[in-house]
Amino acid sequence: YLEEKCRFLSNFSRQTFDSIALPGEFISKMTNGSNVYIAKFMPRVEVVFKDNTIARRIFIRGHNGRIYPYLIFNDVSPIEARHEERFLQFQRLTNMYFCKNKETARRLLNFTIPKVVAYGPANRLVEDNVSSISLLEIQKQYLASKSLSPDICLSKYFERLSAVQSKNGQVTQQVLRDIVAEMQDTVAPPTLIREWAFQTYNNATEFWHFRKLFTQQLSLSNLCEYAFFLNPLNPEMLNFHRDSGLVSISYFRFDIHDESGEIINPNSFAHQVPFRLTHSIQNFITKCGL
């Protein structure tokens, strides 16, 4: 309960503190009179596993009656957090050009950018969507339905590698392709995302709308990752909003070399693939989406 941890926030009301906007409300471009102000903080705080770490989720009721969830992160690296926030600023500037361009505006192409507010060297508030789910969580749900361990992919991978090396064999590209093919036949089938979408969306209209928005958002992130030399997009970084079909990405930033401070070229050894497009994603978005 919030009153056990912070009595000041539990006693907060708009009658006492007037016109305090939601965290990050003034980051995005808003017109006068459309900003949302804090009415009160909801009494319960949830401890959740989100973005590959443990975070606390608080709920803030706005003066318009809606409830806005936020995640509290307390163990963020200051340097990496600043890199990510600068990249989010770059995406907001890009969205302004997307809105002004006729072809991108009529297709509603823009980045889904959460509001991020730092209130300390290693502390920050991040706008959350309770219905969001990552690629990694979809994989874990599938393995749980098959009564398999969430770490079975890692264990199988290293078992195959150790079996090859114990026979004094060379770990070639063909061996790695055989391991991936075996994974797809047993624990990560190419139809994984499509089957999850079939179970999540009951009718064809919702399924088609989600697939269309997912394809558009993924194309933007792939183009951005390739053109601006960003860090690789991992499964836990890609979050689907089940209520809207939008896709938000966590920890997306420029991939900078630690010693030289220069942006790493994805054509080097650090990036084997310039953007994320797995067999499961290809099967879901179909050839038309590709």
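- The shortest non-hydrogen separation linking Glu25 to Val36 is OE2-N, 3.3 Å.
- With a 6.0 Å radius and a threshold of 12 heavy atoms from other residues, nucleotides or ligands, Arg66 has its CZ atom at or below the threshold.
- Heavy atoms only, all atoms of each residue included: Ala55 and Phe73 are closest at CB-CE2, 3.6 Å.
- Cys224 and Phe111 get closest at one heavy-atom pair: SG-CZ, 3.9 Å.
- Below 30°, between 30° and 60°, or above 60°: for Phe214 and Phe210 the angle between ring planes is below 30°, a parallel geometry.
- A salt bridge between Lys140 and Glu236 is absent, with no side-chain N of the basic residue lying under 4.0 Å from a carboxylate O of the acidic one.
- For the pair His241 and Ser132, the tightest heavy-atom approach, listed with the atom from each and the gap, is CD2-CB, 3.7 Å.
- Here Tyr142 pairs with nothing under the side chain to side chain donor-acceptor pair (under 3.5 Å) rule; sequence neighbours left out.
- The one candidate from Asn239, Thr200, Asp243 that meets the side-chain hydrogen bond (donor to acceptor under 3.5 Å, both in side chains) condition with Ser131 is Asp243.
- Checked for salt-bridge contact, Arg56 and Glu46 miss the test: no charged N lies under 4.0 Å from a carboxylate O.
- Between Phe59 and Tyr70, the ring center distance fails the sub-6.0 Å criterion.
- Annotation: cation-pi pair Arg44/Tyr1 present, NZ/CZ under 6.0 Å from the ring centroid and within 45° of its normal.
- By the side chain to side chain contact (heavy atoms under 4.5 Å, CB included) test, Tyr119 pairs with Ile72, Asn74, Asn123, Leu125, sequence neighbours left out.
- The minimum heavy-atom distance between Val164 and Gln170, with the atom names listed, is CG1-O, 4.0 Å.
- Each of Val117, Ile38, Asn35 was evaluated against Leu22; a single residue qualifies, Ile38, per the side-chain contact (heavy atoms from CB on, under 4.5 Å) test.
- Ring centers of Phe87 and Phe254: under 6.0 Å apart, within the cut-off.
- Surrounding OH of Tyr157 are at most 12 heavy atoms belonging to other residues, nucleotides or ligands under 6.0 Å away.
- The two residues Arg57 and Val130 come nearest to each other via the heavy atoms NH1-CG1, 4.2 Å.
- Using bins of under 30°, 30° to 60° and over 60° for the plane-to-plane angle, the ring pair His63/Tyr37 lands in the tilted bin.
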